[in-house]
Each structure stands twice: as structure tokens, then as C-alpha cells.
Amino acid sequence: MKSIQQLDEAFVAHTYKRFPVEIVSGKGSLLFDAQGKEYIDMGSGIAVSSLGIADEGWIRAVTEQLSLVQHTSNLYYTAPGAELAAELCHRTGLKKVFFGNSGAEANECAIKIARKYAAEKKGADYFQIVTLENSFHGRTLATLSATGQEHYHELFQPLVPGFLHTPANDFEAFVKLAEEQKIAAIMMEPVQGEGGVYALDPDFVTRVVDFAKEHDILVIFDEVQTGNGRTGELYGYMNYGVTPDVVTTAKGLGGGLPIGACLLGEKVESVLGYGDHGSTFGGNPVCAAGALHVLSRIDEKMLADVRAKSAYIFGALEGAKGVRSVSGMGLMIGIETEKPAAEVVAACRERGVLCLTAKHKVRLLPALNIPQNVLEKAIEIIKSACAE
Ligand SMILES: *Cc1c(COP(=O)(O)O)cnc(C)c1O
């Protein structure tokens, strides 16, 4: 009999370098492996399990829908998708929602909207979409092309044309690009996640948004990772006091089930017409029911808790032995360590704490409702792993 690790190695495509841990179950912010070892989950499946593992209310919402109907296709009306769209619009002020199944798909929708909007408003040659250097927007060919990191591009030439990259936090560079090129939209993550957990400068964001509005350049926020309470506001852009034209999200929205959403503001709510875009699974009733429950739980109290836990983590880690710097926002934290991040993550894993990396940093993305005592235990272990 092959072990699960051997089976996986033999039959699953080798696109993921996995940690040597087989997770079999979990509860809240705890995970259990095949040997029964307990771990504190400081990654929540890369910002996905926003309410932790096997949350009772979420399970109820999902299983109730599952026992009614699990899928209908988009040829029919179903309640969860309609109610979820209404709730997303109600809480953001945006006007319409397109549902897909992942972050990349949410961004694909935003890219198609930007191209169609600009072609109709300004002409077919206005197709360039500006993204930031060091950004991450997904793995499909278009979102890979949008991603501002060369090393993702190398093996997959030719890329999809129509993407330009500009340095983050350099307003003048963006203006220069916008004056030289025919720009449809700018797309940015409020906090760059995969790129190393860097929050954008508020001044840069407000100036870019003002300039874009003035020149009818669409503002797209990629909130696939920063969305759904992660930064201490419902969406990351809300920390910056700006109004986007398009917001994309996925990861934490479904609480563990695959769902992506592209939220459309007033300018673009009617850009896509019947037949312009679609997805077989998009808006699946089970995923939408889970997402609706997740959103119902992300209230002012939970957001205040996220901000308080964030302040606790910054306070505990800044200036700690072996820690060079701490970055990020809310429960999206990057730790620059003296030791290589991979070594710190391995030492934490040995001691029962699962962390992530982002570039050269240790990255923390715990469940939004991680209990304070569990969080404190994890931070003590992370501190000891950094210090030695
Ligand atoms: C994870 C991520 C994506 C891609 O999402 P998938 O669901 O993996 O397609 C896109 N943008 C950002 C900012 C992300 O963090």
C-alpha cells in the first residue's frame, strides 16, 4: 500500500511543493495531521477559511443548501446567488456582481470589462491595463500577463498583450505612463500579498484614483486576498477612502468553498450584456450560501477584533529578537526575519504552528475569528523560532 504522500507524488502533477504534513481534519484554528498531531493554523488555506475549519454556522448554511439543490446552471434563478449579490452591493455601494469560481476568474472578468468599456468609450486602441510591479493577479494566461513579476512570465511566452507595469507608490511614473500610452484601467492590490505583504501608500492610492477618475481610466482593486474582512475593513480599499469602479474578490469569500466575484460600480454595471461572459459553476448555490453566511459574520465587531488582533501581533513581533520588520494590514502580516523564512516556517511546523511564506518573508493569514489565546500561543512559538 502506498502512503498518501507517495500516491500524491505519483499521480498529482508536480506544481506544488508540499510541506511534509497530511491534514485530515480540523476545528476552528486547529488542524490535525494523519498522526494526530495538532497544529495552530496561521494560514487558513491562504486566507480562505475565514471562519476557521468546520465552523458550525457555516456548515449549517452549506448543508441546508446542499440538501435542497447543489447546482442548477445559470439558466435558472436561485436564491443564494441573488441574495449574495444583493448583500455585496449593499455593503460596498457597488451595483452589480458577476460570479466565477476563483480569484483569477474574477480578474479575467474585470479585464474583459475594462477592455469593452474603454473600446466603447474611447476607441479600440485604448486596451492597455496598468498593474503594479511585484503584483500578483493569478495563473491564467491573462492574469499571469497582468502579474507584474517577470519570473512568472518566462516559461509562457507569448503573453496576452495589453498589460503595462509601473512601480508601486510612484505616482509620477504612473502619470508618465498614462500620458504616453492608451490606458483602459489600472488594477492594484491594496496590500500586495504574494509579493511580500506590502500595503500601498495612502497618498499614492488617492492620487492615482483621482487622476484615473479625471481621465476616465477604470480603477480596479484586486481584493482576492485582501477582501472579506482580512485587512480589518470589509474590503481593503475601504482603508483608503476611495471608490473603485471594479472590485474583484475570491479566497475568503466562500469560507472554504470556491467562489470568485467581480463587483461592478456605476460606470461599468451595464458594460457586459447577455452572452458577453459566463461560467458554468459561477454563483453555485452551495458556494453562495456559504459566502452569504461568511458575510453575515463579518460585522463591525468582527472587523474591530481583526484590527485589535493585528495591533497585538505588530506589538508582539516588532523589535522581537530575530525579527527585522513587520508589514501588512489587519490579519495579513509579513515578517522579515534574520533567518531565512523557510527555516522559521519549518521550526514553527515542528512546534505545531503552520505559517506561510511570501517572497523572503514569513506570512501570517490566520482565520478572522482565531481565539486570542490560540493566537498568543502561536505568536510565542513564532517568536521563539525567529529568536534562536
Ligand atoms: C490568490 C490571488 C489571486 C488568484 O486567485 P486564484 O483563486 O488562485 O485564482 C489573484 N489575485 C490575488 C491578489 C491573489 O492573492
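When a ligand or atom number is given, it counts from 1 through the structure's own listing order. Since we're looking at a predicted model, the values are computed, not measured. Atom set for the values below is all heavy atoms of this structure, side chains included, hydrogens, waters and symmetry mates excluded.
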In terms of its nearest heavy atom to atom 14 (C) of ligand 1, the top option of M188, M332, M187, K251 is K251

Closest non-hydrogen atoms of P258 and C287, given as atom of the first, atom of the second and distance, are O-SG, 3.2 Å

of all protein heavy atoms, closest to atom 11 (N) of ligand 1 is D222 OD2, 2.8 Å

Note: ligand 1 atoms sitting under 4.0 Å from heavy atoms of Q225 are 15 (O)

- Query: Are F211 and F174 near enough that their ring centres are under 6.0 Å apart?
  - Reply: yes

Ligand 1 atoms nearer than 4.0 angstrom to some heavy atom of E189 are 13 (C)

Within 4.0 Å of some non-hydrogen atom of S102, the atoms of ligand 1 are 7 (O), 9 (O)

Atoms of ligand 1 under 4.0 Å from any heavy atom of N107, numbered from 1 in the order shown, are 10 (C), 11 (N)

Honestly, for T140 the part within reach of ligand 1 (heavy atoms, under 4.0 Å) is neither

Quick look: A250 vs ligand 1, heavy-atom contacts under 4.0 Å, and the answer is neither

With a 4.0 Å cut-off, would you call R351 and E388 a salt bridge? yes

- Check ion pair E172-R207 (N to O, under 4.0 angstrom): yes

Pairing of R363 and E194 as salt bridge, 4.0 angstrom limit: yes

message = I want to check a possible cation-pi pair here: K361 against Y198, using under 6.0 Å from ring centre and within 45° of the ring axis as the test.
response = yes

Considering only NZ, NE, NH1 and NH2 on the basic side and carboxylate oxygens on the acidic side, decide whether E120 and K116 come within less than 4.0 Å. yes

Per-atom filter on ligand 1: closer than 4.0 angstrom to a heavy atom of A104 are 4 (C), 5 (O), 6 (P), 9 (O)

Under 4.0 Å between heavy atoms, the region of E105 that gets near ligand 1 turns out to be neither

Ligand 1 to H137, heavy atom cutoff 4.0 Å, flagged ligand atoms 10 (C), 11 (N)

For the 3.5 Å polar cut-off, considering only N or O atoms, please tell me whether G138 and ligand 1 meet it. no

Counting from 1 in the order shown, the ligand 1 atoms closer than 4.0 Å to a non-hydrogen atom of G103 are 5 (O), 6 (P), 7 (O), 9 (O)

Thinking salt bridges, do E180 and K176 make one under a 4.0 Å N-O criterion? yes

Open item on the list: Strictly below 4.0 Å, N to O, side chains only: are K95 and E269 in salt-bridge contact?
Closed with: no

**Prompt:** Would atom 8 (O) of ligand 1 count as contacted, meaning some protein heavy atom under 4.0 Å?
**Reply:** no

